Amino acid sequence: MSILNSAVEVSAPGYVANRAALLDRLAELDAALEQARAGGGAKYVTRHHARGKLLPRERIELLVDADSPFLELSPVAAYGTDFPVGASVVTGIGVVEGVECLIVANDPTVRGGAVNPWSLAKTRRAGEIALANRLPMVNLVESAGADLPTQAEIFIPGGRVFRDLTRLSAAGIPTVSVVFGNATAGGAYVPGMSDHVIMIRDRSQVYLAGPPLVKMATGEVTDDESLGGAAMHAATSGLADYLASDERDGIRLARQCVRRLNWRKQGPSPRTAVPQPPKYDPEELLGITSADLKVPFDPREVLARILDGSDFDEFKPAYGDALVTGWGELHGYPVGVLANARGVLFSEEAQKAAQFIQLANASDTPLIFLQNTTGYMVGTEYEQRGIIKHGALMINAVSNSTVPHLTVNLGASYGAGNYGMCGRAYEPRFLFTWPNAKSAVMGPAQLAGVLSIVARQAATARGRDYDEESDAAMRMMVEQQIESQSGALFLSGRLYDDGVIDPRDTRTVLGLCLSAIHSGPVQGADGFGVFRM
């Protein structure tokens, strides 16, 4: 047993300041989440309830097993855009009849559940997660189809949602749809391409074109029920497999469908059936990361509060010590960990990481990346020592590793360090962000400084005087822009992660993800690309 020892002093001024700064970011997150939960606003929520209909999160609550967790994904999608926070759809992982499922629920209080560019991206991400982790998908459908003002952005890529549904089915991953109201135009293809379809009498209306469009296109005069009502689809078209009497009955039938799937996980069970909790209080995570991202912190303090029993076997502790690597368990599942200790990655850290990733693949062990990096080291000495080829070595290993990767950005994620530490482009199974975290090409001051140097050199080359006052204004403007565009909520709003999480929930979130990952096989790579040594 290699139990981590903590040096955190909760009364220290630095800790208190860090905690206060993180609580401020959490307040901003809570405000954004409240916006998402509000849907289309009180007026439309009241109207929806008055029609005897449930809200999307109410439907999800009835669908999942009592007292079981629901891990909501991308909850602040569309934050900072012209579209409502949450992107008119709720997605997440919940347990239904003992089976972990990927759940997608349209929010009809937001423009009738119409699909806009961000709801499309959010739905597609949900499909990726279902396929990668072999999770049955349950769609709770009530959508007016495409958001027509933005059809140019969603029509062509939107077809992938239907393609992805059929690919889930082809991979032996079941899909279930419950239609609660309108499923019009493209929305009709969600039940049309699902394995199991449930409709609700006198509520569900599924058609490619409603009565007005049918009349305009063909001259035919028809009504909603004859054209696409639940009873018609159950008795005539055969699109509905089950006919429910009301919303609750529809959810009951969905649970029944999942119960009859005879679903089995393909990954190994947790190695430790009853894992020990960490030795240290997760509440203390609020003050560990530095309010100033230029100030490093020891990631072992984080590991001591998320790993089972705070037990961590460190790998190569004296070599490349700006990167902490080692083995532990989280909720009983064996994991390998790569965590930045001092921000900058040198050649030694890159080589150490590549070897460690190979070892994890040899033992079929999932990897957790805890990001807090400013990137790979620059400068003449480091270029001559081969930082490019060593960074490429690490990125090669990350790219071709096939064990599941889980990434959490704890602080900074800048430059190619984002790539080497398995950023979004490297398709980790899940990626979450702490509210204080930032990600960009480089820090705001560095980026503004580079632009200033380039502009100054250009002026010199032309033989012109350099305008120092304009330079100061430019630098201030650039720093403010990069500061706002590198923040956690801004990036999460654009789905560059799967959610901003409270640091105190990190162990729980990772545990839920590890359990979901093991719905499919967990297997390491047979080989890697050519390593430049």
Side-chain angles (χ1 to χ4, degrees), residues 34-64 70 72 83-92 94 103-116 119 123 138-149 176-192 194 197-214 222-235 237 239-255:
E34 189 59 36
Q35 285 183 272
R37 288 190 286 265
K43 173 184 174 181
Y44 294 100
V45 168
T46 300
R47 179 185 297 178
H48 193 71
H49 275 151
R51 292 170 176 167
K53 301 172 77 68
L54 299 168
L55 298 174
R57 288 178 177 81
E58 293 170 341
R59 291 167 179 167
I60 291 170
E61 187 174 357
L62 290 172
L63 176 68
V64 300
F70 176 69
E72 187 168 347
F83 297 92
V85 177
S88 76
V89 64
V90 181
T91 66
I103 300 168
V104 177
N106 301 117
D107 188 346
T109 70
V110 183
R111 296 179 63 85
V115 177
N116 62 55
S119 46
T123 302
V138 181
N139 278 285
L140 306 181
V141 184
E142 187 168 5
S143 172
D147 180 63
L148 295 181
V176 179
S177 283
V178 187
V179 183
F180 291 93
N182 282 338
T184 308
Y189 285 115
V190 174
S194 295
V197 178
I198 300 157
M199 294 188 191
I200 300 168
R201 187 184 299 277
D202 300 326
R203 293 283 189 177
S204 305
Q205 295 174 2
V206 182
Y207 33 59
L208 296 182
L213 183 53
V214 168
T222 185
D223 61 83
D224 288 330
E225 186 58 37
S226 300
L227 188 63
M232 184 281 290
H233 280 305
S237 78
L239 179 59
D241 302 317
Y242 303 94
L243 186 60
S245 59
D246 57 25
E247 291 202 8
R248 286 173 171 79
D249 190 42
I251 294 169
R252 177 189 66 80
L253 289 169
R255 288 179 53 81

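As the structure is a prediction and not an experimental result, all values here were calculated from the model. Because only heavy atoms are used, hydrogens play no part in the values below, and waters and symmetry mates are left out as well, while side chains stay in.
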> Partners of P56 by side chain to side chain contact (heavy atoms under 4.5 Å, CB included), sequence neighbours excluded?
Replying inline: V90, A105, D107, P108

> Mind checking whether V190 and V104 have side chains closer than 4.5 Å, heavy atoms only?
Replying inline: no

> Residues in ring pair (Phe, Tyr, Trp, His ring centres under 6.0 Å) with Y189, at least two apart?
Replying inline: F162

Pairs of donor and acceptor atoms involving the side chains of residues 36-46, under 3.5 Å and at least two apart or interchain, shall be tabulated with distances.
{"unit_1": "R37", "atom_1": "NH2", "unit_2": "E34", "atom_2": "OE1", "d": "3.4"}
{"unit_1": "T46", "atom_1": "OG1", "unit_2": "A42", "atom_2": "O", "d": "2.8"}

>> Looking at every heavy atom in both G113 and S143, which two are closest together, and how far apart are they?
In response: O-OG, 2.9 Å

> What's the spacing between D241 CG and L239 CG if we round to 0.5 Å?
Replying inline: 7.5 Å

>> For a quick test of reading the model, state the closest non-hydrogen atom pair linking A230 to E225 and the distance between them.
In response: N-OE2, 3.8 Å

>> Using modelled atom types and a 3.5 Å cut-off, is there a donor and acceptor pairing between side-chain atoms of R255 and backbone atoms of L63?
In response: yes

>> Just to verify, what does T222 make a side chain to side chain contact (heavy atoms under 4.5 Å, CB included) with, not counting sequence neighbours?
In response: P211, V214, E220, S226, L227

> Which residues pass the salt bridge (Lys or Arg N to Asp or Glu O under 4.0 Å) test with D249, sequence neighbours left out?
Replying inline: R252

> To the nearest 0.5 Å, what is the distance between CG (D224) and OG (S204)?
Replying inline: 12.0 Å

> Hey, does K53 have a side-chain heavy atom less than 4.5 Å from the side chain of E58?
Replying inline: no

>> Set out, in order, the CA-CA distance, both residues' side-chain angles and the distance that settles side chain to side chain contact (heavy atoms under 4.5 Å, CB included) for R47 and T109, then state yes or no.
In response: CA-CA 9 Å; R47 179 185 297 178; T109 70; over 6 Å; no

> Is N139 reaching over with its side chain to a backbone N or O of V141, donor-acceptor style, under 3.5 angstrom?
Replying inline: no

> Do the side chain of S88 and the main chain of V110 share a donor and acceptor less than 3.5 angstrom apart?
Replying inline: no

>> Can you list everything that forms a side chain to side chain contact (heavy atoms under 4.5 Å, CB included) with E61? Sequence neighbours excluded, please.
In response: none

>> Testing the basics here: between I198 and A244, what is the closest heavy-atom pair and its distance to 0.1 Å?
In response: CG2-CB, 4.3 Å

>> Applying salt bridge (Lys or Arg N to Asp or Glu O under 4.0 Å) to R203 and E247, what does each step give before you reach the verdict?
In response: CA-CA 9 Å; R203 293 283 189 177; E247 291 202 8; 5.7 Å; no

>> E72: which residues meet the salt bridge (Lys or Arg N to Asp or Glu O under 4.0 Å) condition with it, sequence neighbours left out?
In response: R57

> Sequence neighbours excluded, which residues qualify as side chain to side chain donor-acceptor pair (under 3.5 Å) partners of Q205?
Replying inline: Y207

> Listed by chain and number, what are the side chain to side chain contact (heavy atoms under 4.5 Å, CB included) partners of L62, not counting sequence neighbours?
Replying inline: L54, R248, I251

> Mind checking what makes side chain to side chain donor-acceptor pair (under 3.5 Å) contact with H48, not counting sequence neighbours?
Replying inline: none

>> Testing the basics here: between I103 and F70, what is the closest heavy-atom pair and its distance to 0.1 Å?
In response: CD1-CE1, 4.1 Å

>> So which atom in G94 and which in V64 form the shortest heavy-atom distance, rounded to 0.1 Å?
In response: CA-CG1, 4.0 Å

>> Which heavy atom of L243 sits nearest to which heavy atom of A231, and what is that distance?
In response: CD1-N, 4.2 Å

> Of all residues at least two apart in sequence or in a different chain, which pass the side chain to side chain donor-acceptor pair (under 3.5 Å) check with Q35?
Replying inline: none

>> Before you tell me yes or no, could you show the steps for I60 and L140 under side chain to side chain contact (heavy atoms under 4.5 Å, CB included), namely the whole-Å CA-CA distance, both residues' side-chain angles and the distance that decides it to 0.1 Å?
In response: CA-CA 8 Å; I60 291 170; L140 306 181; 4.0 Å; yes

> So how far is it from N106 CG to R111 CZ, rounded to the nearest 0.5 Å?
Replying inline: 14.5 Å

> In chain order, what residues pass the side chain to side chain donor-acceptor pair (under 3.5 Å) check against T123, with sequence neighbours excluded?
Replying inline: none

> For V206, does its backbone N or O pair with a side-chain atom of H233 as donor and acceptor, under 3.5 Å?
Replying inline: yes

